[in-house]
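A short worksheet on the structure shown next.
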Amino acid sequence: MTEAVGFELREAGRGISPGRDLDSLVERVLEAGADVFFRIDSPLGPVFVAVGSRGVTRVDRAGSEEEFCRRYRERFGRLLAPAGKRDLDLAERLAAALAGRRVEVPLDLERMTPFQRRVMSVVRGIPRGEVRPYGWVAREAGSPGASRAVGNVMARNPVPLLVPCHRVVRNDGTPGNYGFSPREKVRLLREEGVPLEELSGSPYTATPNTGVFCHTTCRHARRIRPENRLAFRSPADALRAGFRPCRVCRPAAV
DNA sequence: TGGGTGACGCTCC
DNA sequence: GGGAGCGCCACCC
């Protein structure tokens, strides 16, 4: 079981006492004055995950343990101690969340601005296998037109995979950039079953049967049979053709 | 405080 | 079709 999540069975650091999950880990974090880190296999390969008293603070690709701890200390001003056997439940939950499954994992985004937190919350809600454009994220976060600012937030996402910034793409349906490289973004999206070729150039899909148009990866759009599909390049085009936006994926403001 | 920056988006050519 | 140029917005220094 432990091998399945790639969790390192290392004894806990100084001051860490027994506990079963996040609540008890929180108590121990507060006692020890140090946050706790895990090394877990993920779709990005092995990553370090740091957890503080309020939740996950950082996900980063695994280099050396020393380097991760040093950078964490510089950025957060806190020490890191390796998680222990007692933290297996949380390690498994983290592994599931990193793999894109819907698992409750608290995030500590205290250091972010209100706009950044709204963006993170919107992006966190994009389901596996679906993508949304930067402009849509900006609108849903309450700042229509701030798509470039959304890109800035994504570029500094402290918890990649847990906040799936790889599911945010350009308005024209092309993948756009990614912190770990655009190729990595494409790979992650393919693994999640996103039809990138179909998406590029026709990011919106409608059907005359209902008069509704969706983001092409919306779960409703993906049920439309090929012979009933109409592709659109923009919400404006779909609206002009007389379609109304889907109430689930909200491709346009109503 | 204000100018520089950027994982964007739109228009023009 | 695709690249250049510029606007936009939030954030940083």
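Lettering follows sequence order; numbering is per chain, from 1. Here the structure is a predicted model, which means the values were calculated and not measured.
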Could you tell me whether A:Glu140 and A:Arg132 make a salt bridge, using a distance below 4.0 angstrom between a side-chain N and a carboxylate O? no

Calculate the interatomic distance between A:Arg156 atom CZ and B:dG6 atom P; express it in whole Å. 8 Å

Side chain of A:Arg170, heavy atoms from C-beta onward: which of B:dC8, C:dA10, B:dA7 has the nearest atom to it? B:dC8

Counting only side-chain N and O atoms of A:Arg148, is one of them less than 4.0 Å from OP1 or OP2 of B:dG6? no

DNA chain C contacts made by residues 107-142 of chain A, counting heavy atoms under 4.0 Å: A:Thr113, A:Phe115, A:Gln116

Nearest whole angstrom, please: distance from the P of C:dC9 to the CE of A:Met154. 19 Å

May I ask you to decide if the ring planes of A:Tyr204 and A:His215 are parallel, tilted or perpendicular, using 30° and 60° as cut-offs? tilted

Going from NE2 on A:His220 to OG1 on A:Thr205, what distance comes out if it is rounded to the nearest 0.5 angstrom? 13.5 Å

Which atom of A:Arg61 lies closest to which atom of A:Leu44, heavy atoms considered: NE-O, 3.2 Å

Taking the cut-offs as 6.0 angstrom to the six-membered ring centre and 45 degrees off its axis, would you call A:Arg58 and A:Phe76 a cation-pi pair? no

Using only heavy-atom distances, determine whether the side chains of A:Ser200 and A:Thr174 contain a donor-acceptor pair under 3.5 Å. no

A:Arg233 vs A:Ala149, nearer the 5' end of DNA chain C by closest nucleotide: A:Arg233

Check DNA chain C against residues 173-205 of chain A and give the residues with a non-hydrogen atom under 4.0 Å, in numerical order. none

When you compare the side chains of A:Glu184 and A:His166, does any donor N or O come within less than 3.5 Å of an acceptor on the partner? no

Ignoring hydrogens and geometry, is there a side-chain-to-backbone donor-acceptor pair from A:Lys185 to A:Val168 under 3.5 Å? yes

Quick one: does A:Asn152 reach the base of B:dG6 with a side-chain donor-acceptor pair under 3.5 Å? yes

